[in-house]
2 protein chains.
Amino acid sequence: MKKILVALTLCSFTAYSQESDSLLIRKIYDEILAKGEAYKTLTHLSKQIGPRLSGSEGAAKAVQYTKKVMEEYKFDRVFLQDVMVPHWVRGAKEQAYIESGKQKVNVPIAALGGSVATPTTGIKAEVIEVKSFEELEALGTEKVKGKIVLFNRPMDPTKINTFDAYSGAVNQRGGGASQAAKYGAVGAIVRSMTTLQDDKPHTGSMRYATGVPMIPTAAISTNGANLLSKMLKENPKIQFFFKQNCETLPDAPSHNVVGEIRGSEKPDEIIVVGGHLDSWDLAEGAQDDGAGCVQSIEVLRSLKALGIKPKRTIRVVMFMNEENGLRGGTKYADLAKQNNEKHIAAIESDNGGFTPRGFGMVGTDAQISKLTKYKNLLAPYGLAEIGRGGGGADIGPLGSQGTLLIGFKPDSQRYFDFHHALSDTLEAVNERELNLGAASMAALVYLIDKYGL
Amino acid sequence: MKKILVALTLCSFTAYSQESDSLLIRKIYDEILAKGEAYKTLTHLSKQIGPRLSGSEGAAKAVQYTKKVMEEYKFDRVFLQDVMVPHWVRGAKEQAYIESGKQKVNVPIAALGGSVATPTTGIKAEVIEVKSFEELEALGTEKVKGKIVLFNRPMDPTKINTFDAYSGAVNQRGGGASQAAKYGAVGAIVRSMTTLQDDKPHTGSMRYATGVPMIPTAAISTNGANLLSKMLKENPKIQFFFKQNCETLPDAPSHNVVGEIRGSEKPDEIIVVGGHLDSWDLAEGAQDDGAGCVQSIEVLRSLKALGIKPKRTIRVVMFMNEENGLRGGTKYADLAKQNNEKHIAAIESDNGGFTPRGFGMVGTDAQISKLTKYKNLLAPYGLAEIGRGGGGADIGPLGSQGTLLIGFKPDSQRYFDFHHALSDTLEAVNERELNLGAASMAALVYLIDKYGL
């Protein structure tokens, strides 16, 4: 009899708890959908500040601006963490054309981040097209030497999640130049990482391998890549010219920007929610990752506005230098270790501010099963995909400290239309979608704070 | 022992069937994502033809164009169904301003479909603002007579599904004019049905009740409504002027456009997939409902391209006149009954060509539980929301014939940014999202065709 009573009590307690959580989560969504301020902050970040590549003036302004925003919200503590970051600059706009006999056709390119410049007079050479590193290896030095390699494997449009398509193509951008240099190529041109067929080059980071010459490399628009490929098939002797004068300057001082509400019961247990403040230099970085930053600030703003006093410490972190170095994420985790901080969970939003689909996690089975139990509470908000797999680049270095890493998963269909390209502007962001993402993260933070991990 | 064997056999049969279905569905998505033609068709429909209000030249061209597209795909049968439709025309662009003392502020309005014109010199009167019909009734004739009523209840931004917010506000548009006329109002101005705060009026249909005067009515942009409301609070005596010369012409001949692949085993069982070909006159009607039309054609195209020979007859129907009369949907169901056709299921896509979330159904428990069993097969494609509730306006009249009515449910967040406004153009449609919707519908058609209902 006693057992039954206990069971009933537990049962009704659980039912009550579910109901009160459900009501509280509804309040969070109401607050953010009706009174959200994320889009206003993003508007300033995009239109008044703009591009924020590590080491740039824009990045410095963004640090001060987001610090000020959080100070005005009167979070318990707002502070900067010093971090030295790579400082690569694009220089003058690139030039490129295809030369076939007397015909010259201009094509849009953008130097890849980290690339060296061409000689000031540019590079002109024959082109060899490949779809993979294996194909390049099979061609060997004999066919590649002295040429420009065109890496032209498209993102696979049949992948349902576009990040899978990106993963399947992005090694060309990151490693193409050094692979090509191994066989004596003088330059590497990489098809832009997008499923769109258009005229916008999409930049992004690349790294030189040690022991091979550093050759200049650039992204070409997908239309440009298609045209070049077509002209090559008609005449393998055509030449490609490109000129870029980017350079890597000495590392520059910068900052992670941190804001927190201190926990009332377990202040030493920290929950992080964040995005990265730096962006590529071609556009406003509104989706990548202005969205993640303003959503993270909105999580704290909304909890405070609703009078929710967290048990644990909730911290917004705007990481610096995700795009070309990950110095901010690395530094944050180093400091956490050094200061003996206990981060129980970290949520990152860096897949755009699109309609929420769920959360992908990296952690122990126990951690993950704890969160998957909240599915019923989150399903009414379209958060159906909650499970293993995901995390995020900036929070990654916390993983070795036992932190549950959680990646916010918005719908992926439009992300690579804008990613690292001129089109990543405020206009690419829908205010309701942005707000729903912030509310989804706030709801999860609320549950993790209340029940721990 | 025998029982166990039977169970094992059934089990492995089910597993095999699930696996082969899963592979086939994957092929459908591959075909449509890599080689889909829906966006190309939509481009023509939006950019070469444009607005397609019932009775207009655009509507007539769209009938001929979509018929030709399906004939070129060599569907087994392509035909038109005659239907007489309302023929309302907007006439010259509307004019409106707020007059406060010597100040005149122009505001954007658009006559509501079905409205009468103002006198050629326009109407100028004081304004009374209400948020509901109840509020209007409480004010009564004394406060309303001779005035223009501003219906200013916004769509509720806290609704997660924007169609719920629309349902909660749209009675102002449909019935506001007649409600206002009951109390002697001379005109009705309705806040646009959108959660955006901008300068675009969103038109849409309205109906006059019998027994009250037909007063002119128009949608005002949300910014315009906010301004008018603010100025009214400062000075209740301000006047509003508007002028429109829309009119309802005699009914015009038009058509539903139908294409079909005849079933190989049960040709008399028909599965319909469709959208509506008419659109409002302000823009290209790309989302509403060009998207649904081209997706429906793509369902048949893809099945044919993959060499799938359906057991049952699959029919694409592009209904005419969903926007202001539903004559096409009504006629289609009447003809189905008259011809003794057996429609087992009808799928409608009329919520935009956004990323798929699921299907909402109206039918018997048995019908619905049959389809919900396919959840596992559809979940990998983001179709998590499969259950009761939904259907569609055009397929609605088939309901009384025992047909399972299925509404395709895309993500709803952006729909009312464009709905019935100048901004509903091709640019509002993302090709991948459009294709995913077509593939989702094709997958469901494949399963219904294979297993029946």
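Everything numeric here is computed off the predicted structure, so don't read it as measured data. So you know, we letter chains A, B, ... as the sequences are listed, proteins then strands, and number each from 1.
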Highest number of heavy-atom pairs under 4.5 Å with chain A among B:L196, B:I32, B:N430, B:T195 belongs to B:N430
Taking side chain as everything from C-beta outward and backbone as N, CA, C, O, which of these in A:P154 sits under 4.5 Å from a heavy atom of chain B? Side chain, backbone, both or neither.
neither
To the nearest 0.5 angstrom, please state how far the SG atom of B:C293 sits from the CG atom of B:D350.
8.5 Å
Would you call A:E433-A:R414 a salt bridge at under 4.0 Å N-O?
yes
Find the one option among A:L33, A:T158, A:T355 whose heavy-atom pairs under 4.5 Å with chain B are most numerous.
A:T158
side-chain contact (heavy atoms from CB on, under 4.5 Å) test vs B:F408 passes for just one of B:E348, B:Q295, B:R357, namely B:Q295
Flag the one option from B:T162, B:N435, B:D411, B:D156 with the top tally of heavy-atom pairs under 4.5 Å to chain A.
B:D411
Less than 3.5 Å apart, any donor N or O on the side chain of B:N376 or B:Q18 sitting next to an acceptor on the other?
no
Do B:E427 and B:K47 sit within salt-bridge range, that is, some charged N less than 4.0 Å from a carboxylate O?
yes
Region of B:D417 in contact with chain A, defined by heavy-atom distances below 4.5 Å:
side chain
Any donor-acceptor N or O pair under 3.5 Å, side chains B:S229, B:K233
yes
Residue part contacting chain A, namely of B:I160, when any heavy atom lies under 4.5 Å:
both
Part of A:A384 lying under 4.5 Å from any heavy atom of chain B
side chain
Where does A:D30 contact chain B at under 4.5 Å (heavy atoms): side chain, backbone, both or neither?
both
